[in-house]
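Start at 1 and go down the list; that is how both ligands and their atoms are numbered.
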Amino acid sequence: MNVKPRDILNQIFPYKPGKPVGEVQRELGLENVIKLASNENNLGPSPKAIAAMREALAGVHEYPEGSGYYLVNAIAEKFGLAFDQIILGNGGNDLIELVVKTFAGPGDNVVSAHPSFIMYRIGAMIMDAEFRGIPLKDYRFDLPAIADAVDERTKVVFIANPNNPTGTIVTRAEVDDFLERVPDTVLVVLDEAYFDFVTAEDYPDALDYVKAGRPVMAMRSFSKNYGLAGLRLGWGAADAELAAAMHRIRQPFNANRLAQVAGVAALDDDEHLARSREMVAAGREQLYRGLDELGVKYVPSEANFVLVDLEREAAPVFEGLLTLGVVVRPMAGWGLPNALRVSVGKAEENDAFLRALATVLEK
Ligand SMILES: Cc1ncc(COP(=O)(O)O)c(C=O)c1O
């Protein structure tokens, strides 16, 4: 057989998810495994979303509503947008790929930072576009250096705000300056997957730029504060003409039936949103205190995870934590061999992580 994948695939390494928690549990003979590896919401989904999905289950023989009618209307109303400015996705991941497919092709380039969310690079490479990952400065997106890297073949800039895996933000003033410097032929995507967890006063809301008619796309996810990661649901907002271009090539049903009803219900569940936010704000402080006590360095975060810098190879510590039933994310694959990323969980989970870390570091 002589069938061959495209050459570019030799340069794309697949996203490496952790082992299923059930498997880790079985292998280690542990009763309880704590997962703080994927920046999920350990409070679970909104109870309102669960109820809405139960009701919708008997209807899954029908295709989803192709325009996302009810969910898009709910988003439009909640965030003050027009229906045709909004596009749904099978998670933010789907939208990232869709943006690149819509705006960049071979010979073009896509600019972002390194290390940042891996899908920006993969999205560019799928399209045979060049990816420029500009090094972070003090763990933050270096917007002046990114502006310098933009040229006449740049079609999209991705700014993860907050950034994954560092949890840092860029400020409104920095984004304002950046938009002044970058030509308006470039679509600037502000990926706000962790929007709800930010407490910094000078954090910009990407929707303000969209509403002001700037060449900006705002991207949000239902996977984090809404606790719906398993359903795969995200949305973006941009100028209606840009959104229309993306609609042309998206999968017709890229937001599934259960995700749509759950999304509508979750948007309306202020109590669950507030509880999730509080859990993360308190959990971050708890982790900082515990890490300070252990003398372990970390990057203060505006998201639901904290990047921990062990100042030595992190892989053995990751393995040690795993044997104690705590799963976090090793960062070697992101070019940070001394770092672990730990998601903020419930108080008792954060505590279990800190105790396990103390045990492993003592050895
Ligand atoms: C910065 C960033 N953007 C987008 C996503 C995509 O999230 P999802 O596809 O679950 O909506 C993630 C997920 O971890 C992320 O960290």
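Checked by distance only, ligand 1 and I96 stay at 3.5 Å or farther apart across all their nitrogen or oxygen atoms.
Atoms of ligand 1 lying under 4.0 Å from any heavy atom of A193, numbered from 1 in the order shown and given with element: 2 (C), 3 (N), 4 (C). The contact set between ligand 1 and G91, taken as ligand atoms under 4.0 Å from a residue heavy atom, comprises 9 (O), 11 (O). Counting the atoms of ligand 1 from 1 in the order shown, those under 4.0 Å from a heavy atom of Y194 are 1 (C), 13 (C), 14 (O), 15 (C), 16 (O). Numbered from 1 in the order shown, with element, the atoms of ligand 1 that lie under 4.0 Å from a heavy atom of S223 read 8 (P), 10 (O), 11 (O).
By the criterion of a heavy-atom distance under 4.0 Å, neither the backbone nor the side chain of M219 is placed next to ligand 1. With a 4.0 Å cut-off on non-hydrogen atoms, N93 touches ligand 1 through its backbone as well as its side chain. Only the side chain of R232 comes within contact range of ligand 1, with a heavy atom under 4.0 Å; no backbone atom does.
Not a single heavy atom of F222 sits closer than 4.0 Å to an atom of ligand 1. Ligand 1 lies less than 4.0 angstrom from a heavy atom belonging to K224. Judged by the shortest distance from any of its heavy atoms, D191 lies inside the 4.0 Å radius around the atoms of ligand 1.
Looking at R26 and E23, a side-chain N of the basic residue comes within less than 4.0 Å of a carboxylate O on the acidic one, giving a salt bridge.
Within the 4.5 Å cutoff, side-chain heavy atoms of Y209 are placed close to those of P204. Residues W334 and R341 form a side-chain contact, since some pair of their non-hydrogen atoms from C-beta on lies under 4.5 Å apart.
Classified by interplanar angle (parallel below 30°, tilted 30° to 60°, perpendicular above 60°), the ring pair Y69/F83 is tilted. Under the 30°/60° scheme for interplanar angles, the aromatic rings of F79 and W235 are found to be tilted. Y194 and F305 have perpendicular rings, their planes meeting at more than 60° on a 0 to 90° scale where under 30° would count as parallel.
In this structure, a donor-acceptor pair under 3.5 Å is present between the side chains of E174 and T171.
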